[in-house]
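Report on one structure; see the data block that follows.
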Amino acid sequence: MQNIRDVDWNKVMRSGSSESPSVGYLKALQKQGHKTVKKALSLEEWKSDEMDLGLKNVKNLLPFSKDQKPTEAFLKEVFDIMLNYIYKTFDRNSKVLDFHHPHQFLQGIEGFSLELTGEQESLEQILVDCRDTLKYGVKTGHPRYFNQLSSGLDIVSLAAEWITATANTNMFTFEIAPVFVLMEDVVLRKMREVVGWNTGDGIFSPGGTINNLYAAMLARQRILPNVRETGMRNGPELIMFQSRHAHYSNRRPAAVMGIGTNNCIDVKTDERGRMLPEDLELKILQAKFKGKVPFYVTATAGTTVLGAFDPILEIAEICRKYDIWLHVDAAWGGGVLLSRKHRHLVEGIELADSVTWNPHKMMGIVLQCSALLTKHEGILETCNGMKADYLFQTDKHYDMSYDTGDKTIQCGRHVDVFKLWLAWRAKGDKGFEQHVDKCIELSKYLVEKIKKTKGFELVFADPQYTNVCFWFVPQCIQKISDKHERKCQLNKVAPAIKAMMMENGTMMIGYQPLDDKVNFFRNIVSNAAVTREDIDFLVAEIQRLGSDLSF
């Protein structure tokens, strides 16, 4: 809970201030012993707040009470909390996070407790809980949050998420979600057209991992149409392939589907992390020579660490030659499909059988929003359908082809499409294109800045996408002549700087090792709020935190 000593009363009194706590929140503070809080509120404001939520609990809310005023007062307070959080998210003077260790949260921080006592709390306390939950979380929409592939806070898709939560419906039949089901059909058709297909199918799912599983299941369904009934026991030994830099979710289907991770073969990459087609063909031939059946290849459009784009056109030709299903994992890189300037990175994607595309990444849609697209009509239902007659009756009075639940491995499914549909309506193709182009331009700006700044070294001099990977080499390491010792010490730098920036709350950026390369920073730009000034701050902050490091 916010400490009373941290409140700037001038900002509190200033109408519309992003620092201004709600009346209900201040009253809750007062009831917990902060007697001076009332001074921060004008008498008019205090008196006009007739609804004392400290005397109310959940039984005073709809549907338990016929009186709508407590519900209205409570939700308005919640909205104020969310709005203030949004203001702080875009305020560069606010912290990216107020860091505390796990044990501190579990012990309780300034009155904020995670414990469930079993007792019923007042609505004012619930408001305090809402505010503190946001206070101690990470502001992933902050312009200086560079940590993940998904970042930013798109206001239109945020509004859409609020609306879908209010609707609180499911996505398995037209009868309970008529507008959303038709909306999904429209958006998936639009996405397939962007890929380059005139026919096909698709589904929104909880994320790229599930969509990559769907793709592998469809590929197996194609080659073993009776596998759902007979299982894998008497079937051929199936083999699947992906680059060694592919996302780990492309290996998981081998474990989930009973294929076995030993039959999930990594293909070599070039110096920039792109799959080598000649090694793919060699490994396909080796598998066939052993009597195994290659059935599925994943090409990656935007690898997680390096942002590399596999040569889809060449890979597609190999898959056509050996009659193998080609899936493109464009969860991260799919946004370039909307950029005329950068679409060449996914040349040949229209030759794939299926594509994973996550609009919650480069397109900036609020989490979660992820689609599986395929050019094969009807295969999703053939693969996954269970014909539950309590949901998918055959004698309904409407067109039952819009009952989408039998396409999925889920039953209940969240409405994810509305966020993308509404944002697409607001921005159009051009708006998304400008966003993608801006993010790539900012990353190129960072590359040039690193090249000119002493103490920084690029892992790769010419990144393909917005992943910029680099080392910061402090003076204490620059003086080390022994290569092995230098490498050992350099491995400690990124974790040490990351810890300091999290403790300070000024910024967040990821790091990792890769192959023979020790820990390096991986900067991601996908947030519409980022500017060149934020890139300048990133470089300066790493210098500030790391300049005096010693090991």
Side-chain angles (χ1 to χ4, degrees), residues 1-9 12 19-41 45-46 49-89 94-140 158 161-162 164-168 206 366-368 412 414 502-503 505:
M1 184 174 63
Q2 183 171 353
N3 192 308
I4 198 68
R5 291 172 296 183
D6 297 334
V7 177
D8 184 334
W9 298 118
V12 168
E19 297 293 327
S20 177
S22 65
V23 173
Y25 176 69
L26 288 171
K27 290 178 75 175
L29 286 175
Q30 186 203 40
K31 288 191 175 186
Q32 293 184 18
H34 298 300
K35 297 178 181 180
T36 58
V37 175
K38 193 170 182 178
K39 295 178 182 178
L41 301 166
E45 186 178 27
W46 189 266
D49 184 45
E50 298 176 356
M51 186 62 62
D52 188 348
L53 295 178
L55 301 176
K56 306 291 183 182
N57 58 39
V58 69
K59 290 183 179 180
N60 298 107
L61 299 179
L62 292 171
F64 308 109
S65 171
K66 294 180 181 179
D67 184 359
Q68 297 179 11
K69 289 183 178 179
T71 298
E72 181 180 343
F74 176 72
L75 290 179
K76 284 182 176 178
E77 293 279 5
V78 171
F79 180 77
D80 283 345
I81 289 170
M82 292 190 293
L83 197 57
N84 286 331
Y85 179 80
I86 291 169
Y87 293 152
K88 289 182 179 179
T89 290
S94 69
K95 290 184 176 183
V96 176
L97 76 161
D98 185 356
F99 180 79
H100 291 79
H101 290 279
H103 73 273
Q104 293 174 304
F105 279 113
L106 294 173
Q107 291 169 1
I109 303 169
E110 296 181 348
F112 179 47
S113 173
L114 298 176
E115 291 299 317
L116 291 172
T117 64
E119 297 298 320
Q120 195 173 64
E121 300 287 354
S122 71
L123 293 182
E124 278 189 351
Q125 181 58 50
I126 299 305
L127 291 172
V128 172
D129 291 343
C130 289
R131 187 181 181 92
D132 287 349
T133 296
L134 290 175
K135 171 181 169 58
Y136 294 113
V138 177
K139 297 183 184 72
T140 58
L158 173 64
E161 181 74 350
W162 291 348
T164 55
T166 302
N168 193 32
V366 169
L367 282 163
Q368 60 193 19
H414 186 258
M502 288 183 68
E503 293 278 358

Response to the item:
So CD1 of Ile86 and CZ of Phe79: to nearest 0.5 Å the spacing works out to 7.0 Å
Worksheet item: If you measure from CG on Asp132 to CG on Leu114, what distance do you get to the nearest 0.5 Å?
Response: 10.0 Å
Worksheet item: Going by heavy atoms in the side chains, are Lys56 and Phe74 under 4.5 Å from each other?
Response: no
Worksheet item: CD of Gln107 to CD of Glu115: how many Å apart, nearest 0.5 Å?
Response: 11.0 Å
Fill in: Flag side-chain contact, heavy atom, 4.5 Å: Asp52 against Glu124
yes
Worksheet, complete the sentence: All heavy atoms of Gln125 vs all of Glu121, minimum pair found to be CG-OE1, 3.8 Å
Worksheet item: With under 30° as parallel and over 60° as perpendicular, where do the rings of Tyr136 and Phe112 fit, or are they tilted in between?
Response: parallel
Worksheet item: Just wondering, do Tyr87 and Asn84 contact through their side chains at under 4.5 Å, heavy atoms?
Response: yes
Worksheet item: Between Thr89 and Lys139, what is the shortest heavy-atom contact and its length?
Response: CA-CD, 3.9 Å
Practice prompt. Taking the side chain as every heavy atom from C-beta outward, state whether Lys95 and Lys135 have any atom pair closer than 4.5 Å.
Written response: no
Practice prompt. Calculate, to the nearest 0.5 Å, the distance between atoms CD1 and CD belonging to Ile126 and Gln120 respectively.
Written response: 9.0 Å
Worksheet item: Are the side chain of Lys59 and the backbone N or O of Phe64 linked by a donor-acceptor pair below 3.5 Å?
Response: no
Item to complete: Any chance you could measure His100, atom NE2, to Ile109, atom CD1, to the nearest 0.5 Å?
Response: 4.0 Å
Worksheet item: Should the ring pair His101 and Phe99 be called parallel, tilted or perpendicular, given that the plane angle runs from 0 to 90° and is split at 30 and 60?
Response: perpendicular
Discussion item. How close do Asn60 and Pro70 get, counting heavy atoms only, and between which atoms?
Written reply: O-CB, 3.4 Å
Worksheet entry | Separation between NZ of Lys88 and CG of Leu83, rounded to the nearest 0.5 Å | 12.0 Å
Discussion item. So for atom CD, which belongs to Gln68, do other residues, nucleotides or ligands contribute more than 12 heavy atoms lying within a distance under 6.0 Å?
Written reply: no
Worksheet entry | Side-chain heavy atoms of Leu367 within contact of Thr140, under 4.5 Å | no
